[in-house]
Amino acid sequence: AGAKDLIARYSADAALKQVYKSALFLAYADNDKNPTVMYTLTTDGHPAHPAAVCRRIVKEGDAAIIKLNIVCEGKDDECKKLTNEFNVMTAQMQAQVDAQIKSGGK
């Protein structure tokens with residue numbers, strides 16, 4: 001599906017809650033306290049618009065791996081910037097998840 005389709009679908013999905021809103025992004029999650037899936041969607045104001053980012057937590061054995069999928073149809077250089085930003089954020093989230101698992105989920 002294209003980014004515009006994904007933005008339309010996720011922003012209208014009753015099973016998702018809006019968890020973040022800014023001039024550039026809207027984010028929706030399956031659960032605002034402990035999400036297993038989060039969709040971050042660009043707004044018209046974002047230079048990489050239209051773009052949709054999906055981050056999903058997948059259990060693999062004892063580990064929880066954050067899977068990142070990005071559909072970006074904006075300008076190439078802006079899509080690269082967006083991808084880099086989300087790669088960094090995802091790596092930080094992964095480090096937090098790993099630390100929680102090591103500490104026994106506290």
Side-chain angles (χ1 to χ4, degrees):
K4 281 185 177 159
D5 295 340
L6 295 171
I7 289 168
R9 183 188 317 161
Y10 296 134
S11 52
D13 189 332
L16 298 173
K17 289 190 165 114
Q18 189 177 92
V19 292
Y20 180 79
K21 184 178 185 176
S22 74
L24 300 180
F25 292 108
L26 298 172
Y28 296 86
D30 58 343
N31 181 324
D32 52 356
K33 300 272 186 288
N34 197 5
T36 59
V37 64
M38 184 179 282
Y39 301 102
T40 306
L41 312 172
T42 57
T43 66
D44 290 343
H46 196 288
H49 189 73
V53 179
C54 173
R55 285 175 289 177
R56 206 171 27 247
I57 297 176
V58 179
K59 297 269 192 227
E60 292 185 2
D62 289 341
I65 310 297
I66 300 169
K67 304 275 189 186
L68 175 67
N69 289 319
I70 300 176
V71 178
C72 187
E73 293 168 357
K75 294 189 186 106
D76 266 359
D77 55 342
E78 295 296 343
C79 283
K80 282 187 185 122
K81 275 190 211 163
L82 180 82
T83 300
N84 288 340
E85 285 168 21
F86 274 93
N87 281 333
V88 169
M89 270 193 281
T90 302
Q92 290 168 344
M93 282 172 66
Q94 185 68 61
Q96 288 170 349
V97 168
D98 293 346
Q100 282 176 337
I101 290 168
K102 282 190 186 110
S103 70
K106 291 186 181 94

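Computed from a predicted structure; not experimentally measured.
Side-chain atoms of N69 never come within 3.5 Å of backbone atoms of C54 as a donor-acceptor pair (strictly under, hydrogens ignored). A donor-acceptor pair under 3.5 Å is formed between the side chain of E73 and the backbone N or O of A3. A donor-acceptor contact shorter than 3.5 Å is absent between the side chain of Q100 and the backbone of A95.
More than 12 heavy atoms of other shown residues, nucleotides or ligands fall within 6.0 angstrom of atom CG in N84. Around atom CG of D76, no more than 12 heavy atoms belonging to other residues, nucleotides or ligands sit under 6.0 Å away.
In this structure, OG1 on T36 lies 3.5 Å from CG on D30, to the nearest 0.5 angstrom. I7 contributes atom CD1, which lies 8.5 Å from atom CG of D44 (distance to the nearest 0.5 angstrom). Here D62 contributes atom CG and K102 contributes atom NZ; the two are 12.0 Å apart, rounded to the nearest 0.5 Å. With values rounded to the nearest 0.5 angstrom, T40 atom OG1 is found 10.0 Å from H46 atom NE2. Taking CG of L6 as the start and NZ of K4 as the end, the distance is 12.5 Å to the nearest 0.5 Å. Q96 CD to I101 CD1: the interatomic distance, rounded to the nearest 0.5 Å, is 12.0 Å.
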Is there a side chain to side chain contact (heavy atoms under 4.5 Å, CB included) between D13 and Y39? Walk through the geometry before answering. CA-CA 11 Å; D13 189 332; Y39 301 102; over 6 Å; no

Could you go through E60 and K67, starting from their C-alpha distance and side-chain angles, then the distance that decides it, and tell me whether this counts as side chain to side chain contact (heavy atoms under 4.5 Å, CB included)? CA-CA 11 Å; E60 292 185 2; K67 304 275 189 186; 3.3 Å; yes

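L26 has its side chain within reach of T43: a pair of non-hydrogen atoms, C-beta onward, lies under 4.5 Å apart. In this structure the side chain of I65 reaches within 4.5 angstrom of the side chain of Q94, judged on heavy atoms.
The same ILVMFWY cluster, assembled from side-chain heavy atoms under 4.5 Å apart, contains both L41 and V37. There is a path of hydrophobic side-chain contacts, each under 4.5 Å, that joins L82 to L68. The hydrophobic clustering, which links ILVMFWY residues whose side-chain heavy atoms are closer than 4.5 Å, places M38 and Y28 apart. Cluster membership check: V58 does not share its hydrophobic cluster with V97, using side-chain heavy-atom separations under 4.5 Å among Ile, Leu, Val, Met, Phe, Trp and Tyr. Under a hydrophobic clustering in which Ile, Leu, Val, Met, Phe, Trp and Tyr are joined whenever their side-chain heavy atoms come within less than 4.5 Å, directly or via other members, V71 and F25 fall into different clusters.
The two atoms that bring T83 and I70 nearest to each other are CA-CD1, 3.7 Å, heavy atoms only. When every heavy atom of G74 is checked against every heavy atom of C79, the shortest pair comes out as N-SG, 3.5 Å. Nearest heavy atom pair, residue D98 against residue A64, reads OD1-O, 4.3 Å. The two residues G45 and L24 have their closest heavy-atom pair at O-CD2, 3.5 Å.
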